[in-house]
Amino acid sequence: MRAMARSAVFARKLLERLPLAKIRSRVFRALIAFALVLVTFLFVSLLEKQNGALNPNNIRQRLKSEGLVVETVDWTARFSFCQTTADGVRACNALADDALEGEARGTPSAGTPLTFPAKDIAERLFAKHDGKVNSVVLRHELTEADKTLLKDYGMVALVMPRSVQNWVRLRLGEQRQEVHGAGLDVLFSIRSDDLLRQGAIELELDYDEFPWFGPADLPIALVERDAVAEYAALPLRQISSSNLSRQMEIGFPLLLAAMAIVLDHSLVFAYLSLYAGARALRSYIPFLVENGTELSRAMELLTYAVNGLTFAFLIIFALDIAGFTRFKARWKIALVATSVVGFLAASFFDPVFWVRVDLWSDFLGAGVAVPLCLAGLALSFRSKRKNEGNKSEIKGTDVDGGEALVSRALFTARIVLVLFAVGLHAWANGTDLFRVSAEAFKNTLDWKHTALLPCLVTAALLDVGSTAKKMLTFGKEMAAKALIERELSVGKEVQHRMLPVRRKTSERWEWRSLYFPAQALAGDWYDVRELTFADGRVLLAACVADVTGHGVGSSLATSVICSHWSLWCTDACKISAPADNKARESLLISAPRRVNDGLLALPQNEQCTAIFALIDAEAGIISFCSGGHPGILVSDGKGLRYLTSSGERLGASGVENPEWHAKTEPIAAGEVVCLYSDGIIPPGDTVSSYAAGLRRKLKKEPAPILPFLWKQFRLNRRVFRVDHEIEDDMTLLAIELKARGVGDSSGSTEVSTPVAS
């Protein structure tokens, strides 16, 4: 148990020493930089493969130039309506093709010349004959190129890439070959001699439910047997390698990540860069799979996780762009985690979920992002006259006149851009998700997807600081900031001059001080000086004051305290030193009265607590008086005394006839007297409990008190820098009495060092 307790204490102290805010900022920047490096690698790798052997156009030309493939383009068609009787007999009735308006016409026996995909012709015939067109016979007369290929190779394949009909039959004399399945590559193995004897190729196609036929992407081709796999894979290679929208999906994050690093104050750009990076990784995984890489289980799970990330980052981006900025970081982290887990869980309910997961992520993401943007736009218009009723922090509604108009116009423009881009993307993904698209090979640039990221980038640029508003107010803000900084610098210098030297040693005493203002100007003030009375006796006077709050107002109050304390010290030196304790206490009580009168003379009420002390080294006594301030700590290294007296706060206008009471206590050589402000007390602790803890430590392990106080001072300083809500000014003044004859024989030395800032 002791080991666990020590470990817990060590961990707590370690966390107090760590600058957590800086670590979080640096980790976030490191993640953005890592995303930039990763996306750069993915983009360069993709370009290398596109420009190399995986380019489908290069492969296609190579196969044709090497004589491994001959593409057949001059086909003729004869249409018919076929029925199968109850006893299994198939009967077909030929149809005249007079519905081919604008096309070359022919008789049913001669056929109609075709180009693939034969979508327009088939749909017109289907409509003309009231759906009673369900079969076509395609015929191709062998050309010289075909015959050359057949003579070079004994076996060839007839390939119809991405066939879109249910049944395809090859007629070769008395031979029949049949392939069933829509959306697949139709392959027929043929002996070259049989095809040469026939002199032509005839294919019969059924398309009962789909009113068009033929290959969707590439022409029907005669292919050498060993080259079939390469030629049949060309459509998939074309989709993955030549689709320019995919290049832009991977290329845009380069720009976004770089801009996010430059504009690291913009969370909108950070979320957009993370969204684009996730999209780039999502596009790269299918590219590898479609080009022959086996999809392992780990890659499949990574696909689900990445799509969950794209969904979450799109929602977070929409929240910020629409003005809903009150969502805390933990809620955003929960959204990301839930999205990733949700997409992973969906894969267990749908075995082929990975085929459609990218479409689902974009479709669902748009389904949430679009209502969010509409809600932000509605709230913006609603808060035009009543800003308080708007629950979202719509940017730009806190200014008047032209600036408000420009800010609202920018807000509306970026919402409209996001709505257009995300809505268009949702429509494109929805149509791809719920219907089969068969023209992907020809449409190499899908503008509906390409428009997404440029529009989102433009919207994010409009959001960064409201550019037009910055241009209108930049000069005025910079001038005001420069003036404030100059005035603060002067005020800081003046306050520095009001403080004594931080360390002084004489033959009677030695004092040291630590001082840390929470802001540029502090509400803490202290002074310690030797008073030489009219009769030649020398006493040490010390004061520590803590004005309520910190900043400019509090620092002005400290100047009033300093001036009245200095006047009191000057007047005290004009008389003889007090002869007894009563006279000394009476003289000391006049100090808080004088400071209190000075604070009450201010037009605005400024209150403070203060403690005053008068030390007589020859008599070995200390007199002190408190005005609502924490007491004095006195220690010889073996024990601890806590000295305090009663008295009203200084500057309290509502108190009539305020009273202060002084006390006198003995003090021996070697003891250390500590005056301080409440800033050195640990946050959440009290002065009495902290003093009791120090007393127990000194009783258990006798040691000088100053190391304990210095350590607590440093700990509080770190805590205040991390948590600005509890920060406070800190002052610590330590005075040590020395035995007569001990010290610097030359009198006194002063070391003037800069005040801690």
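In what follows, residues are counted from 1 in the order of the sequence shown. From a predicted model like this one, the values you see are computed outputs, not experimental measurements.
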Just how far is it from atom CG of Leu587 to atom NZ of Lys582, taken to the nearest 0.5 Å?
-> 14.5 Å
Can you tell me how far CD of Gln607 sits from CG of Leu602, rounded to the nearest 0.5 angstrom?
-> 12.0 Å
Applying ring pair (Phe, Tyr, Trp, His ring centres under 6.0 Å), which residue pairs with at least one partner in residues 653-698 are found, sequence neighbours left out?
-> none
Could you name each residue pair satisfying salt bridge (charged side-chain N to carboxylate O under 4.0 Å, His left out) that touches residues 534-544, not counting sequence neighbours?
-> Arg537-Asp616
Nearest 0.5 Å, what's the CD1-CG distance between Ile680 and Leu514?
-> 9.0 Å
Rounding to 0.5 Å, atoms CG (Leu499) and OG (Ser513) come to a distance of 8.0 Å
Could you check Leu732 against Trp710 for side-chain contact (heavy atoms from CB on, under 4.5 Å), going step by step and ending with a plain yes or no?
-> CA-CA 9 Å; Leu732 177 59; Trp710 293 166; 2.9 Å; yes
Report yes if the side chains of Lys738 and Glu507 come closer than 4.5 Å at any heavy-atom pair, otherwise no.
-> no
Taking all atoms of both residues into account, what is the closest heavy-atom pair of Leu599 and Ala557, and its distance?
-> CD2-O, 4.2 Å
Answer yes or no: is there a donor N or O on one side and an acceptor on the other, between the side chain of Asp527 and the main chain of Cys543, under 3.5 Å?
-> no
Contacts of type ring pair (Phe, Tyr, Trp, His ring centres under 6.0 Å), residue Phe612, not counting sequence neighbours = Trp565
Partners meeting side-chain hydrogen bond (donor to acceptor under 3.5 Å, both in side chains) with Asn716 (sequence neighbours left out) = Gln712
Just wondering, do Glu736 and Trp509 contact through their side chains at under 4.5 Å, heavy atoms?
-> no
Side-chain touch Lys638/Lys699, heavy atoms, less than 4.5 angstrom = no
The side chain to side chain contact (heavy atoms under 4.5 Å, CB included) partners of Val528 (sequence neighbours excluded) come to Pro500, Trp511, Leu540, Ala542, Leu733, Ile735
Scan for salt bridge (charged side-chain N to carboxylate O under 4.0 Å, His left out) pairs involving residues 639-654, sequence neighbours excluded, and state none if there are none.
-> Arg641-Glu671
Here the pair of heavy atoms bringing Ile589 nearest to Cys625 is CG1-SG, 4.4 Å
Name all pairs fulfilling the side-chain hydrogen bond (donor to acceptor under 3.5 Å, both in side chains) condition that reach into residues 583-595, sequence neighbours left out, sorted by first residue then second.
-> Trp568-Ser590, Asp571-Arg594, Asn581-Arg584, Glu585-Thr664
Contacts of type side chain to side chain contact (heavy atoms under 4.5 Å, CB included), residue Ala583, not counting sequence neighbours = Pro578, Asp580
Could you check whether the rings of Phe516 and Phe713 sit parallel, tilted or perpendicular, using 30° and 60° as the cut-offs?
-> perpendicular
Any side-chain heavy atom of Ile621 sitting closer than 4.5 Å to one from Leu614?
-> no
Should Glu530 and Arg508 be marked as a salt bridge (charged side-chain N to carboxylate O under 4.0 Å, His left out) after you check the CA-CA gap, both sets of side-chain angles, and the distance that decides it?
-> CA-CA 11 Å; Glu530 294 176 338; Arg508 293 186 180 91; 5.5 Å; no
Contacts of type salt bridge (charged side-chain N to carboxylate O under 4.0 Å, His left out), residue Arg696, not counting sequence neighbours = none
Salt bridge (charged side-chain N to carboxylate O under 4.0 Å, His left out): pairs with one or both residues in residues 683-692, sequence neighbours excluded | none
Which heavy atom of Ser566 sits nearest a heavy atom of Arg529, and at what distance?
-> OG-NH2, 3.4 Å
Considering only heavy atoms from C-beta outward, does the side chain of Glu510 approach that of Lys504 to under 4.5 Å?
-> no
Charged N-O contact under 4.0 Å between Asp320 and Lys332 = yes
Would you give the length of the straight line joining atom SG of Cys608 to atom CG of Asp546, rounded to the nearest 0.5 angstrom?
-> 8.0 Å
Nearest heavy-atom contact between Ser677 and Val544 is N-CG1, 4.2 Å
Check step by step if side-chain contact (heavy atoms from CB on, under 4.5 Å) holds for Met498 and Ser559.
-> CA-CA 8 Å; Met498 292 191 304; Ser559 64; 3.8 Å; yes
Quick one: does Tyr642's side chain have a donor or acceptor within less than 3.5 Å of a partner on Gly631's backbone?
-> yes
First locate atom CG of Leu640, then atom CZ of Phe708, and finally report the distance between them rounded to the nearest 0.5 Å.
-> 10.5 Å
Closest approach of Ala613 and Leu675, non-hydrogen atoms and distance?
-> CB-CD2, 4.3 Å
Taking side chain as C-beta onward, heavy atoms only, is Phe533 less than 4.5 Å from Lys574?
-> no
When you look at Leu600 and Leu650, which way does the side-chain contact (heavy atoms from CB on, under 4.5 Å) test go after all the steps?
-> CA-CA 8 Å; Leu600 290 176; Leu650 309 181; over 6 Å; no
List for me each residue that meets side-chain hydrogen bond (donor to acceptor under 3.5 Å, both in side chains) alongside Thr731, sequence neighbours excluded, and say none if there are none.
-> Asp524
Under 3.5 Å: donor-acceptor pair, side chain of Asp636, backbone of Gly639 = yes
Minimum heavy-atom distance between Ala617 and Leu737, given as atom pair plus value | CA-CD2, 4.4 Å
Note, Ser646 side chain near Ser626 side chain (heavy atom, < 4.5 Å) | no
With sequence neighbours left out, the residues meeting side chain to side chain contact (heavy atoms under 4.5 Å, CB included) with Ser563 are none
May I ask you to test the Val634-Leu643 pair for a side-chain heavy-atom distance under 4.5 Å?
-> yes
Worked verdict on Leu633 versus Ser635 for side-chain contact (heavy atoms from CB on, under 4.5 Å) | CA-CA 7 Å; Leu633 299 177; Ser635 172; over 6 Å; no
